[in-house]
Amino acid sequence: MLEQLHSFLSSNPFIPHGHCYLWNKELVWLHLLSDSFIALAYYSIPLTLLYFVRRRKDLPFNWIFWLFGIFIVACGTTHLMDVWTLWYPTYWVSGVIKAITAIASVYTAATMFPLIPQALALPSPAELQLQIRERQQAETALRLAYDELEQRIQERTVDLATANQSLQSEIIERQRTEARLQEVLTLQRAILDSANYTIISTTVEGTITTFNRAAEQLLGYTAEDVVGKTSPVIIHDREEVIARSQALSQELNTVVEPGFEAFVAKARLGDPDEQEWSYLRKDGTRFPVLLSVTALRNAENQITGFLGIGSDITKRKQDEKELRSMTQVLESAVEGISQLDTQGCYVQVNPAYATMVGYQPEEMIGMNWQTTVHPDDLAKMLNAYEQMLAQGKVEVEAKAVRKDGSTFDKQLTMISVFDAQQQFIGHYCFMKDISERREVERLKDEFISVVSHELRTPLTSISAALDLLAGGVLQTQPDEAQRMLNIAANNTDRLVRLINDILDIERIESGKITMVKQSCNVADLMTQAIDVVQEMADQAEIQLEVQPLSVQVLADSDRIIQVLTNLLSNAIKFSPIRSTISLTAEIKEYDPSIFALQPASYVLFKVQDQGRGIPADKLESIFERFQQVDASDSRQRGGTGLGLAICRSILQQHGGQIWATSTLGVGSTFWFTLPISDDSIVAPACSVVQFSPPLILECDDDPSVRAVIQALLERQGYRVLSVGSGAEAVRQASEVHPAVILLNLMMPEMNGWETLAALKRQQATQSIPVIILSGVIPNADERYPGISDWIVKPPDPQRLYQALEHALAKPDQTLRVLIVEDDRDLAQVLSTLFTRHGIATYCAQTGREAIQLSQQIMPDLLVLDLGLPECDGFVVVDWLQQHNRLCSVPLVVYTAMDLAEEERDRLRLGETLILTKGRISPQEFEQRVIQLLNRIVQAKQEGGSQ
Amino acid sequence: MTHSILIIDDEYDIRAVAELALRAVGGWQVTTASCGSEGLVKAEQESPDVILLDVMMPDMDGIAVFQALQANSITRSIPVIFLTAKVQATDQRRFRELGVKGVITKPFKAMKLPNQVSQILGWT
């Protein structure tokens, strides 16, 4: 192998090419240089190509140049070999290299052919020029455009830069805004959450959209409970909403539906709306709020919702209430209260203050206090003012002057006022009108001085008389001495009487004596008084005439006797000898139109004398203390000057009056009144129902008989209604429910029997006992059912009375029950219960009716409900307990109330049964009541058989 | 020397006692009147040496009587002594201001009454 290679590379046997040239120097050098330069050129061209290719990698047919390169290099190498072979005949090497070159060049040529079309397609220089030119143009244009673009870009860049900058700043701004917004939102949230106000917003329709924490807390609903679910109507009082919507409808002159609209109607119009409401909590409790509602609007001023802010004004309302009551206190205070400023001018006065000084409260604002001070006391008041400034408080009494110039005495307390910084800001002045007190004090002083004078006068006589006696100067004048002793003795008595009277009148008028009023007979009082003064009258040779009147009054008998004695002794003192003094009494009726609330009647007493009379101008003043008609001798005759004053006081305490009339020279009359009160009771508060004696209905066609019987009965204290015919009797009986009917037999038209039958037919009258009062004598063998008794005319009064009492006490066999029940249905049920048992039932619906009816019908049993209109059952029982017959009527109390022990005790008349509605079945009720009735019937029968 | 005294008082017993005291103890002549009008008449008629005048009387009280006495030229010079139960200082002052000669308060010591009168009037 190596050998081959060595032979390949050797030059043996060959001859250097130079020999061909015969080593002609010029020829050799020609070939050498030419081949060398060709080789050089052939080497440099590919280098250039290489460089070109490398530089223009973008060229198409890039690879052709590589081929060319290789071909040229190969060619060059061939020429180089030609040079080499000049000396070194390595023809194999050079032949190979030529071969390579031939391959390369053929290949290259081969590959070039397909390229020709492509190369032809390549633009010709002209084209290229054109293209270039176009390109250049385009380039220029491009450049221009580019420049323009550049410029625009420039501008745009500037713009952009600016925009960017502004954007930047905007962003910064926005960020700042956002931050602020965030702050605001946080603040808002904080406000909403921490506010003490309920802040509730709603949609336009009224659905709640926000509900702050305060709202949650105050109302008890959580936000989830209400947001998006309901309208604020649920937290409002329905009544209030209705009322408000009505008020708004009026105010806005349009219909406002009760509901959400009531809250927002005004806000909708853009009007301010601040209103007090009650908010209802979830648990139902309520509290007052001040609700302010506004509309939420968007940028186009359309309403997007509503906002309600409510503040809890419970405290404010309390304060308001306190303020109102304080203001009321101030307004209604009797004492004058005022406030003044540092200058001493009125800032505020209460009505009492203004009235005291005779101004209107408004007039006084700004007025200086000195205006109300009487000039006499101005210095004193200024002093007091100074004192107040110095010490903070002063009390002073001074004379005040009113707007109209009148004066009065006032007592002032002035207190200076300081503010929080201890600055003097004025003073308060409390004023009391002490004129009355002064007057009272004055009167007391006067009284004391008068009394002291009155006491001194008899004392003077006593002391002087005794002094003379003791002095011994009268030893020789025994008559005078005796006279002095008499004087002393008399005046001692007088002094004693005076002191007694003074104490008496003081005690009566100051209320320290409670007069014990009892029922007294006027006749007794009169006769007792006469007894007291009889001796005095006898001594004065005066005739006493008295007409006692037997009537009961409620009075303190001693005191009334005192009054009578006083009047009688006065009369005796002032009557001439052998004259007459008369004491009488009469029953009188009050005019009901004037004395609506008085008891209907009174007793009028009259003490009449034939003395010298009293002048008209003294008729009033004699009843005052220590007043004398004239200088003459009432005192002389032992009068104290207080007698009539004491009488008046006594009568005042009894609700009576005293006065005098007189004709000078003829005589005087002293009158006084005492109210009559009824025998048994004071009327219950519900009505003036008087206890009245039983009513007897008398029926007789003969008027004289009627009159006689009526007088007979009235004398016994019965009430009588006389009728002249049977028909009338029947009619009246059903109307007035008499206790007994006295019935004549022989009457025209309707005789007694017919009348009786008619009475028995009527349910209202069938149980009224009837007594026959007739000239007809009853048949002894016959039984007359339906009548209680038969009295033959002319009736023996006693017999008649007995029969009446009997009839009243033991009426018909038919039992009578009075049901007192205001519930009509229940009354009906009870009534039916009794009528089933053949018991006559009567019904009353009120306490008053019950009292009236029970007197009229005298029931055997009373069934009483306690809850009645006007007067309740207790009052009825209280009343009946006073009645001398009804106090023992059997009583069934049938009530829904549960009664306490004391209450049960109160409800007792006769045999009493207390049954509670609801605790007892109707059957049991019936049972027990019937049991009771049976007992009653038994008792009656036993009583009747006596 | 006997003096004459007019006593004007509405109280009978006091008139009696005072009269007796002045007569029995003082030995004077005494007339009495039971009311102001009567007293004025008697004063004019009898011209007493002194008038003892009660203050508290109905109709015409002592002060009115005194003023009437002063108004009358005949009676003006008669000294007047008030005899009164009004003992308060204010009243006393008022009486003296009126110009009465003196005031004797009730009750008085009957035995001393004449002396009192004498002292006031400066009689021996």
(request) Give every residue pair that meets the ring pair (Phe, Tyr, Trp, His ring centres under 6.0 Å) criterion with at least one member in residues 487-509 of chain A, sequence neighbours excluded. (result)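 For residues 487-509 of chain A: none.
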(message) Quick check: closest heavy atoms across A:S461 and B:I14, and the distance to 0.1 Å?
(response)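 What the structure gives for the nearest pair is OG-CG1, 3.3 Å.
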(request) Provide the closest heavy-atom pair for B:A110 versus A:L468 in the form atom of the first, atom of the second, distance. (result)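 Result for this residue pair: CB-CG, 3.6 Å.
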(message) Would you compute the distance between atom CZ of B:F108 and atom OG of A:S463 and round it to the nearest 0.5 angstrom?
(response)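 That separation rounds to 7.0 Å.
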(request) Output the distance between atom NZ (B:K106) and atom CZ (A:R456), rounded to the nearest 0.5 Å. (result)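 The NZ atom of B:K106 sits 10.5 Å away from the CZ atom of A:R456.
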(request) Identify, with sequence neighbours excluded, every residue that meets side-chain hydrogen bond (donor to acceptor under 3.5 Å, both in side chains) alongside B:T105. (result)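 Listed in chain order: nothing, the list is empty.
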(message) Strictly less than 4.5 Å between heavy atoms, which residues of residues 64-77 of chain B line up against chain A? Please order them by number.
(response)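 Residues in range: none.
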(request) Just give me the residue among A:T460, A:L466, A:T457 that pairs up with chain B most often, heavy atom to heavy atom, under 4.5 Å. (result)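 Of the options given, most contacts go to A:T460.
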(message) Tell me which of these, B:K112, B:K109, B:M57, has more heavy-atom pairs under 4.5 Å with chain A than the rest.
(response)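 Result: the option with the highest number of such pairs is B:K109.
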Decide if atom [atom1] of [X] counts as having more than 12 heavy atoms of other residues, nucleotides or ligands within a radius under 6.0 Å.
| X | atom1 | value |
| --- | --- | --- |
| A:E620 | CD | no |
| A:E436 | CD | no |
| B:Q29 | CD | no |
| A:E439 | CD | yes |

(message) Any non-hydrogen side-chain atom of B:L20 less than 4.5 Å from a side-chain atom of A:V473?
(response)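 No; the side chains remain at least 4.5 Å from each other.
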(message) Can you tell whether the side chains of B:E11 and A:R494 come within less than 4.0 Å, N to carboxylate O?
(response)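 Salt bridge present between B:E11 and A:R494.
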Contacts table for residues 480-493 of chain A: side-chain donor-acceptor under 3.5 angstrom, sequence neighbours left out:
unit_1 : atom_1 : unit_2 : atom_2 : d
A:E480 : OE1    : A:R483 : NH1    : 2.8
A:Q482 : NE2    : A:N486 : OD1    : 3.4
A:N490 : ND2    : A:N486 : O      : 3.4
A:N491 : ND2    : A:I487 : O      : 2.9
A:N491 : ND2    : B:D13  : OD2    : 2.6
A:T492 : OG1    : A:A488 : O      : 2.5

